[in-house]
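As structure tokens, the structure follows; a few thoughts come after it.
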Amino acid sequence: MSKKSTGAFISGLLLGSAIGTVTGLLIAPRTGRDTRQLLKKSADALPELAEDLSTSVQLQADRLSESALRNWDGTLTRLREAIAAGIEASQRETLELRQPKVDVTAEPRPSVPDHQL
């Protein structure tokens, strides 16, 4: 399981436990007084359950935040490298375009003195 799936599983487990407890108390064959006492105990435990759930969610959010930050740093590094490579290629191309072109395919012609023209 991934870390994200684990956190979702734990949160679902805690929530399911709370719902199951309340449902079980309501349909249990107890007297009204016994059921009310159990509901009171369960209600007293809800703040602790909510705190545990909140802590779990906060831990997952922190992990996701750290993961997103690492991914962003990697993306930013690759972007900087790509920009630097683009600038370098552009500068090379500019230098090549500024150099005079030499026609290497033309055959050299013998020079003719001016007085023979």
Side-chain angles (χ1 to χ4, degrees):
M1 266 192 213
S2 71
K3 291 179 182 180
K4 185 176 181 181
S5 297
T6 303
F9 176 76
I10 291 172
S11 299
L13 183 67
L14 291 174
L15 184 60
S17 297
I19 291 171
T21 300
V22 170
T23 303
L25 289 173
L26 291 175
I27 62 171
R30 299 183 190 272
T31 64
R33 183 175 186 196
D34 291 342
T35 302
R36 283 190 299 276
Q37 285 177 346
L38 286 173
L39 285 174
K40 183 179 180 335
K41 287 180 184 178
S42 295
D44 291 342
L46 280 178
E48 184 179 324
L49 179 63
E51 185 179 339
D52 290 346
L53 184 59
S54 173
T55 301
S56 176
V57 168
Q58 183 62 40
L59 287 172
Q60 287 301 325
D62 289 345
R63 287 181 188 149
L64 289 174
S65 176
E66 289 171 7
S67 175
L69 189 57
R70 279 193 307 271
N71 288 342
W72 173 250
D73 287 342
T75 300
L76 192 57
T77 300
R78 288 191 306 275
L79 181 61
R80 285 182 179 147
E81 290 170 355
I83 289 172
I87 290 171
E88 184 180 327
S90 174
Q91 289 172 344
R92 277 195 315 263
E93 188 67 24
T94 300
L95 286 175
E96 288 178 13
L97 290 174
R98 287 185 181 167
Q99 291 178 352
K101 292 187 178 184
V102 177
D103 190 8
V104 291
T105 59
E107 294 180 20
R109 289 188 242 164
S111 61
V112 179
D114 287 336
H115 70 279
Q116 289 181 353
L117 292 176

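Here the structure is a predicted model, which is why all the values come from computation and not from measurement. We number each residue from 1, following the sequence as shown. Heavy atoms only: backbone and side chains are in, while hydrogens, waters and symmetry mates are out.
Membership of the apolar cluster around Ile83 extends to Leu79, Ile87, as traced through chained side-chain contacts below 4.5 Å between ILVMFWY residues.
Between the side chain of Ser65 and the backbone N or O of Ala61 there is no donor-acceptor pair closer than 3.5 Å. A side-chain donor-acceptor contact under 3.5 Å links Thr77 to the backbone of Asp73.
Every side-chain contact (heavy atoms from CB on, under 4.5 Å) that Ile10 has, sequence neighbours left out, goes to Thr6, Leu14, Ser56. For Arg33, there are no side chain to side chain donor-acceptor pair (under 3.5 Å) partners at least two apart in sequence or on another chain. For Thr55, the side-chain contact (heavy atoms from CB on, under 4.5 Å) test picks out Glu51, Leu59, with sequence neighbours left out. Here Ile19 pairs with Leu15, Thr23 under the side-chain contact (heavy atoms from CB on, under 4.5 Å) rule; sequence neighbours left out. Scored by the side chain to side chain donor-acceptor pair (under 3.5 Å) test, Thr75 finds Arg78 as partners (sequence neighbours excluded). Residues satisfying the salt bridge (charged side-chain N to carboxylate O under 4.0 Å, His left out) test with Asp44, not counting sequence neighbours, are Lys40. Residues forming a side chain to side chain donor-acceptor pair (under 3.5 Å) with Gln58 (at least two apart in sequence, or on another chain): Asp62. Take Glu66 and apply the side-chain contact (heavy atoms from CB on, under 4.5 Å) test, not counting sequence neighbours, and it matches Arg70. Scanning for side chain to side chain donor-acceptor pair (under 3.5 Å) contacts around Glu88 gives Arg92, with sequence neighbours left out.
In this structure, Ala18 and Leu49 approach most closely via the heavy-atom pair CB-CD2, 3.3 Å.
The distance from atom CG of Leu69 to atom CG of Leu76, rounded to the nearest 0.5 Å, is 10.5 Å.
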